[in-house]
Structure formats: structure tokens, C-alpha cells
Amino acid sequence: MRQTLIDLCAILEEQKAVLKNMLELAKEERQIIISGESDKLENVIRLELKELNKLGAIEKRRTQLNAQIASEMDIPEAELTVTAIAEKAQPEEKAAIRKLQGELTPLIEEHTAVNKENRQLIESHIEYSQTMLELMVGVEDPLNNMYGGDGRSTQDDRKRKGLFDGHA
């Protein structure tokens, strides 16, 4: 069982390293969004996807190790958590697992917060862009469009309020 927990700690260390990289990329993404340098965004997203793929591979290994840990510690796999493992581990392994838990938890929370902020910034930017586009082109009322019930163009006094006509 000791080796299994050592393997778990190694996997958690790998996950921690990848999460740190992802957090830094998310912070960089936030700066790019704020500064409006959309040309740099594609590169950061590509790097984030690479890190996400790494994390997925590591997580797959950790999941495979779960069955072995659950069996060795007599914990149902559905109830297997870092806390449950630490409770049944020997003092040395327990300390290592708790240390990693203490390092990973705030890292995950910060990454979640930065991603949430990035999502809100992007949504705000999209809303702003949509509003600007509507001001320039004008908004068509979808219930009162340009064609009548017979399919012919309606002749009313509606005038476009936007500067551009919406045709490219």
C-alpha cells in the first residue's frame, strides 16, 4: 500500500505542476482580454489546450490508481477522496497527502476564479461589440420584418437608424 500512495503523491505533484502552468496561462489570458490584444489570444488558448491534454492524461492515470487504492484501503471507489485516503494512511504518507491537498486546493480555487473572471470579461466584450454593431447597423424587429404575409416586400415608412446598411 505504501508504494501505491507514493505513486498517488507523484501523480498529484504532476497535476499541481500542470495546474500552476494553466493558472499562469489563465492570468495571461486575462491580461490579453483586458488589453484587447485579441491577436495574442489564439496562442495562449493553444497552450492552455496542450496543458489541458497533459492534465487529462495524468488524471487518467490517477483514476486507474483509484481502483487499486480503494481495494487496498477498503474504501468504496465512489467514496474515495484525498481526505478518506489520508485518514487511513500511515503518518508519513498522511502528511505528504495532506500537504499536497493543502497546495492543490487553493490552486484549483484560484484557477476557477480567474477562469470565471475571464469568462465574464469575454461576455462583457461580446455584449459591448454587439451593442456597437446594433448602433451602427440598426436592429431589425424580428416580428415586424421586411416582408408581409404574402412574401412581398412591405412598403412602410420604417427607416434604418444605423449608419451602415448591414450588407457586405
Yes or no on side chain to side chain contact (heavy atoms under 4.5 Å, CB included) for K94 and L5, after CA distance, side-chain angles and deciding distance? CA-CA 9 Å; K94 181 177 186 169; L5 295 180; over 6 Å; no
I'd like to check V44 versus Q31 (side-chain heavy atoms, cut-off strictly below 4.5 Å). Are they in contact? no
How would you list, by chain and number, every residue that makes a side-chain hydrogen bond (donor to acceptor under 3.5 Å, both in side chains) with E14, sequence neighbours excluded? R61
Once you round to the nearest 0.5 Å, how far does OG1 of T63 lie from CD1 of I11? 9.0 Å
Does anything in residues 116-130 form a salt bridge (charged side-chain N to carboxylate O under 4.0 Å, His left out)? List the pairs, not counting sequence neighbours. R30-E117
Compare all side-chain heavy atoms of L80 with those of I69 and state whether any distance is below 4.5 angstrom. yes
Tell me the salt bridge (charged side-chain N to carboxylate O under 4.0 Å, His left out) pairs involving residues 35-47, sequence neighbours left out? E37-K40, E42-R46
Atom pair CD1/CD of I32 and E29 - distance to nearest 0.5 Å: 7.5 Å
According to side-chain hydrogen bond (donor to acceptor under 3.5 Å, both in side chains), who are the partners of K27, at least two apart in sequence or on a separate chain? E110
Across all chains, not counting sequence neighbours, the side chain to side chain contact (heavy atoms under 4.5 Å, CB included) partners of R2 are I6, E92, E93
Sorted by chain and residue number, the side-chain hydrogen bond (donor to acceptor under 3.5 Å, both in side chains) partners of K20 (sequence neighbours excluded) come out as none
Separation between NE2 of H111 and CG of L104, rounded to the nearest 0.5 Å: 12.5 Å
State the OG1-CG distance between T112 and L107, to the nearest 0.5 angstrom. 9.5 Å
Side chain to side chain contact (heavy atoms under 4.5 Å, CB included) partners for D7, two or more places apart: Q3, L65
Could you pull out every donor-acceptor pair under 3.5 Å between side chains of residues 82-91 and any protein atom, sequence neighbours left out?
{"residue": "T83", "atom": "OG1", "partner": "Q101", "partner atom": "NE2", "Å": "3.1"}
{"residue": "K88", "atom": "NZ", "partner": "M73", "partner atom": "O", "Å": "3.2"}

Strictly by salt bridge (charged side-chain N to carboxylate O under 4.0 Å, His left out), give each pair with a member in residues 96-105 just once, sequence neighbours left out. K16-E103, K99-E103
Side chain proximity check, L100 to C9, heavy atoms < 4.5 angstrom: yes
What residues form a salt bridge (Lys or Arg N to Asp or Glu O under 4.0 Å) with E28, not counting sequence neighbours? none
Across all chains, not counting sequence neighbours, the side chain to side chain contact (heavy atoms under 4.5 Å, CB included) partners of E51 are V18, N21, M22, L25, K54
Euclidean distance, Q120 CD relative to I33 CD1, rounded to 0.5 Å: 11.0 Å
The complete set of side-chain hydrogen bond (donor to acceptor under 3.5 Å, both in side chains) pairs with one or both residues in residues 67-82, sequence neighbours excluded, reads T4-Q68, T4-E72, Q68-E72
Main-chain N/O of A26 paired with N115 side-chain donor or acceptor, under 3.5 Å: no
